[in-house]
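Here is the structure we will look at, set down as structure tokens.
Order of the sequence lines fixes the chain letters, A, B, ..., with proteins taken first and strands second; residue numbering starts at 1 for each chain.
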2 protein chains.
Amino acid sequence: MISHTEEDYLKALFRLVSGKQGKQEAGTNALADLLSLKPASVNNMLKKLRKKELIDYEKYGKISFTDKGRQIALLVVRKHRLWETFLVDKLGFSWDRVHDIAEQLEHIRSDELVEKLDWFLGHPEYDPHGDPIPRSDGSTPTTPSAVLSSMQKGDVCKVMMVKDTSAAFLQYLERLSIHVGTCVSVMDKVSFDNSLVIEVDGKHHTVSQKVADNLYVSYC
Amino acid sequence: MISHTEEDYLKALFRLVSGKQGKQEAGTNALADLLSLKPASVNNMLKKLRKKELIDYEKYGKISFTDKGRQIALLVVRKHRLWETFLVDKLGFSWDRVHDIAEQLEHIRSDELVEKLDWFLGHPEYDPHGDPIPRSDGSTPTTPSAVLSSMQKGDVCKVMMVKDTSAAFLQYLERLSIHVGTCVSVMDKVSFDNSLVIEVDGKHHTVSQKVADNLYVSYC
DNA sequence: AAGTATTGTTAGATATATCTAACTTTTATA
DNA sequence: TATAAAAGTTAGATATATCTAACAATACTT
Ligand SMILES: [Mn+2]
Ligand SMILES: [Mn+2]
Ligand SMILES: [Mn+2]
Ligand SMILES: [Mn+2]
């Protein structure tokens with residue numbers, strides 16, 4: 001049996017090791033940071049997860065998943081993103097309010113529930129923030145690789161995914177009428193600080209490079 | 001902050017003290033039985049709940065709610081029954097599969113979620129087993145008082161609520177096509193053991209007194 | 001290569017929630 | 001009313017999950 005806490009550790013490890021940079025392993029401190037816990041607590045849990053054969057790890061070494069561990073992490077992520085989709089699509093939640101609730105719902109144990117929820121939502125591929133929802137077979141829909149900050153003056157693109165899903169950033173995007181699926185035209189690029197002048201819904205806005213780095217897009 | 005465990009204790013206490021017999025208090029052993037725990041564990045928790053002012057209780061005395069405690073118990077029951085309604089009405093679960101899942105979902109913390117779920121379900125008054133769903137103001141819809149076993153030969157009534165909601169009993173009712181809302185005619189009553197011959201959907205069945213005791217009905 | 005900074009580990013404390021075994025109080029009954 | 005049964009309590013053990021403070025290993029920098 002895997003506890004809520006253990007699931008949260010595996011999910012955090014998943015976030016660290018599934019980074020685009022190809023890293024397949026992570027360290028104690030990084031995990032502690034992500035979970036807002038102390039390294040001592042993480043170290044303690046790592047021993048438990050190793051004993052349960054959910055991670056590979058040896059003293060002073062790096063941490064990586066076993067197949068069993070990765071499978072559990074994927075299921076927790078799948079549940080998290082399905083619930084977020086439910087909260088936004090069915091219950092009418094705003095996309096910046098769903099994370100904390102999904103953080104709880106992701107731990108509900110019932111295979112039947114997950115599959116019925118998936119059906120009820122129409123087998124969605126992406127959650128409200130554009131993140132891919134892992135499928136029950138363990139595969140994952142493709143994710144866009146281009147960020148808005150790499151676009152040039154004159155480019156027109158569609159927002160596909162939001163990288164930073166903090167409530168603050170999501171609320172900021174809300175004010176700019178930017179959602180997943182929104183069309184954005186790059187009107188100008190300021191070479192001094194790489195900020196962009198963009199057009200959304202006929203309105204012009206200036207966004208910093210940091211903002212543009214956090215918006216994945218595809219050409220359209 | 002109230003833990004999942006504390007919520008389960010309060011919900012169990014609610015079941016004991018809201019019995020129709022007018023008992024407003026319960027004992028350590030009864031609570032232990034209901035929760036499948038040992039009296040020592042319950043005693044331990046009672047001290048915590050008292051310190052948090054959720055129950056009134058003194059050594060060797062009986063246990064009853066404070067207003068604060070009753071309010072929390074009612075909210076947990078409300079959430080449990082709303083989630084059961086969601087599982088059956090929206091996800092297509094069978095009514096004998098929802099209890100264990102709702103047992104988990106009832107602990108999800110979010111006032112906004114409860115109210116939006118209630119709206120999404122159309123403000124239901126009764127759950128799939130006919131149990132009343134406490135309202136957000138603390139009031140509770142009325143419940144039927146007559147049981148099928150009190151009906152006489154020739155009576156026609158409608159099933160309003162199922163008392164024993166164990167999977168075994170619910171599956172038995174399923175085989176007889178008996179649900180909440182089903183019309184039942186009493187064709188005969190065997191005075192020897194009080195078993196009943198009933199007609200449901202044009203079919204005749206014989207049910208024991210024990211079964212009939214567990215079906216709340218109203219005349220129709 | 002030496003010294004320093006970063007990263008990771010251990011020991012021991014605290015909090016929650018459970019148990020068993022022994023004990024005490026209250027209630028029922030002979 | 002004395003005794004037995006039932007109900008309730010306590011002490012001490014175990015398991016989980018966290019922390020702080022002290023320590024150890026590895027990596028970085030000059
Ligand atoms: Mn979580
Ligand atoms: Mn998301
Ligand atoms: Mn529960
Ligand atoms: Mn129910």
### Task
May I ask you to evaluate whether B:Lys62 reaches the phosphate of D:dA7, defined as a side-chain N or O under 4.0 Å from OP1 or OP2?
no
### Task
Could you please name the option among D:dA17, D:dA21, C:dA17 that lies closest to any side-chain atom of B:Met45?
C:dA17
### Task
Rounded off to whole Å, could you give me the NZ-to-P distance for the A:Lys59 and C:dT9 pair?
8 Å
### Task
Report the distance from atom NZ of A:Lys47 to atom P of C:dT9, rounded to the nearest whole Å.
8 Å
### Query
Under 4.0 Å between a side-chain N/O of A:Lys38 and OP1 or OP2 of D:dT18, yes or no?
no
### Query
So, B:Tyr172 versus B:Asn214: side-chain donor-acceptor pair below 3.5 Å or not?
no
### Query
Rounded to the nearest Å, what distance is computed from the CE atom of residue B:Met1 to the C1' atom of nucleotide D:dT18?
18 Å
### Query
Phosphate oxygens OP1/OP2 of D:dT9: is one of them under 4.0 Å from a side-chain N or O of B:Asn43?
yes
### Query
Can A:Glu106 and A:Arg78 be counted as an ion pair, charged N to O under 4.0 angstrom?
no
### Task
Name the nucleic acid region contacted by B:Thr28, choosing base, sugar-phosphate or nothing; use a 4.0 angstrom heavy-atom cut-off, strictly under.
sugar-phosphate
### Query
Can a donor-acceptor pair be found between the side chains of B:His80 and B:Asp127 at a distance below 3.5 Å?
no
### Query
Looking at C:dT16, D:dA25, C:dT10, which one has an atom nearest to any side-chain atom of B:Lys48?
C:dT16
### Query
Whole Å only: how far is the CG atom of A:Leu31 from the P atom of D:dA17?
14 Å
### Task
Write down the distance between CG (B:Leu35) and P (D:dG8), rounded to a whole number of angstrom.
14 Å
### Query
Given D:dT9, is OP1 or OP2 found less than 4.0 Å from the side-chain N or O atoms of B:Tyr57?
yes
### Query
Counting only side-chain N and O atoms of B:Tyr9, is one of them less than 4.0 Å from OP1 or OP2 of C:dT18?
yes
### Task
Could you pick out which residue, A:Tyr60 or A:Glu6, lies toward the 5' side of DNA chain D when each is mapped onto its nearest nucleotide?
A:Glu6
### Message
In whole Å, I'd like the distance from the CG atom of A:Asn29 to the P atom of D:dT26.
### Response
15 Å
### Task
Measure the distance from CG on A:Leu37 to C1' on C:dT14 and round it to the nearest whole Å.
16 Å
### Task
Please say which of B:Lys52, B:Lys48, B:Lys11 ends up in a salt bridge (charged side-chain N to carboxylate O under 4.0 Å, His left out) with B:Glu6.
B:Lys52
### Rounded distance (Å) that lies between atom P of D:dC19 and atom CG of A:Asn44
11 Å
### Query
Are A:Ser3 and D:dA17 close enough that a side-chain N or O sits under 4.0 Å from OP1 or OP2?
yes
### Message
Just by distance, no angles: are the side chains of A:Trp95 and A:Glu174 close enough, under 3.5 Å, to form a donor-acceptor pair?
### Response
yes
### Query
Under 4.0 Å between a side-chain N or O of B:Ser41 and OP1 or OP2 of C:dC19?
yes
